[in-house]
Novice: 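One structure, pasted below without further comment.
For ligands, and for the atoms within them, numbers begin at 1 and follow the listed sequence. Values below: every heavy atom of this structure, side chains too, minus hydrogens, waters and symmetry copies. Heads up: numbering here begins at 1 and tracks the sequence.
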Amino acid sequence: MFVVADTTALQSKTELYAELVRQTEALLIGEPDMIANMANLSSLLWAVLPDINWVGFYINRSTNEKNELVLGPFHGKPACVRIDFRRGVCGHCATTRETVLVDDVEAFPGHIACDSASRSEIVLPILVDDHLVAVLDIDSPLHARFDHDDQQGLEHVIEIFVRHTRLT
Ligand code: SME
């Protein structure tokens, strides 16, 4: 059985992400199912990352008619289900395929407010070769909660997720 290690005593983001990377590897090893791994990874991130109020995945469900993301496994309050690529921080990430850091969600044009407590947000793309599989979205009730250390640490976590999970 996997037990989430206590990270409350860790002082720096470097230590926190080193531990998160170790736990992600241990959690996902040997399991290729995408939904199971998204569910467990969102649970782990929820348990380990301080000062967040939502964490989860939006899966790329684009068709020939429409480019859109659909809500996947998450922790936090119920959220909007479908996000057009032209809308919100998640849509911006899906379109640019780059990580988006938003210090103040109210200043981001078209931000979609799922929880009025959210103040800042990070959204990272999950890519396999040239294909966008999903985005990982994390919200915080604090202004400017996420920085480039978070981005780097979370990109490492996503690399582990992609390596263990069957995504094609
Ligand atoms: N804020 C996101 C929508 C998803 S919720 O935060 C869970 C956005 O603007 O795309």
Novice: Who pairs with K13 by side chain to side chain contact (heavy atoms under 4.5 Å, CB included), at least two apart in sequence or on another chain?
Specialist: Y17, R145, D147, D149, D150
Novice: List the residues meeting side chain to side chain contact (heavy atoms under 4.5 Å, CB included) with E65, not counting sequence neighbours, and say none if there are none.
Specialist: T63
Novice: Looking at R163, I'd like to know if its CZ atom is crowded, meaning that more than 12 non-hydrogen atoms belonging to other residues, nucleotides or ligands lie closer than 6.0 Å.
Specialist: yes
Novice: Is the side chain of T165 donor-acceptor paired with the backbone N or O of V162 at a distance under 3.5 Å, no angle test?
Specialist: no
Novice: Applying salt bridge (charged side-chain N to carboxylate O under 4.0 Å, His left out) as the test, list every pair that has at least one member in residues 79-92; sequence neighbours left out.
Specialist: E68-R82, D84-R86
Novice: Sort out for me which residue in E159, E31, E25 forms a side chain to side chain donor-acceptor pair (under 3.5 Å) with H164.
Specialist: E25
Novice: Report each N/O pair between ligand 1 and the protein that falls under 3.5 Å, naming both atoms.
Specialist:
{"from": "ligand 1", "atom 1": "1 (N)", "to": "H111", "atom 2": "NE2", "distance (Å)": "3.3"}
{"from": "ligand 1", "atom 1": "1 (N)", "to": "I112", "atom 2": "O", "distance (Å)": "2.7"}
{"from": "ligand 1", "atom 1": "1 (N)", "to": "E121", "atom 2": "OE1", "distance (Å)": "3.1"}
{"from": "ligand 1", "atom 1": "1 (N)", "to": "E121", "atom 2": "OE2", "distance (Å)": "3.1"}
{"from": "ligand 1", "atom 1": "6 (O)", "to": "D137", "atom 2": "OD2", "distance (Å)": "3.4"}
{"from": "ligand 1", "atom 1": "6 (O)", "to": "D139", "atom 2": "OD2", "distance (Å)": "2.8"}
{"from": "ligand 1", "atom 1": "9 (O)", "to": "V89", "atom 2": "N", "distance (Å)": "3.0"}
{"from": "ligand 1", "atom 1": "9 (O)", "to": "I112", "atom 2": "N", "distance (Å)": "2.9"}
{"from": "ligand 1", "atom 1": "10 (O)", "to": "V89", "atom 2": "N", "distance (Å)": "3.0"}
{"from": "ligand 1", "atom 1": "10 (O)", "to": "C90", "atom 2": "N", "distance (Å)": "2.8"}

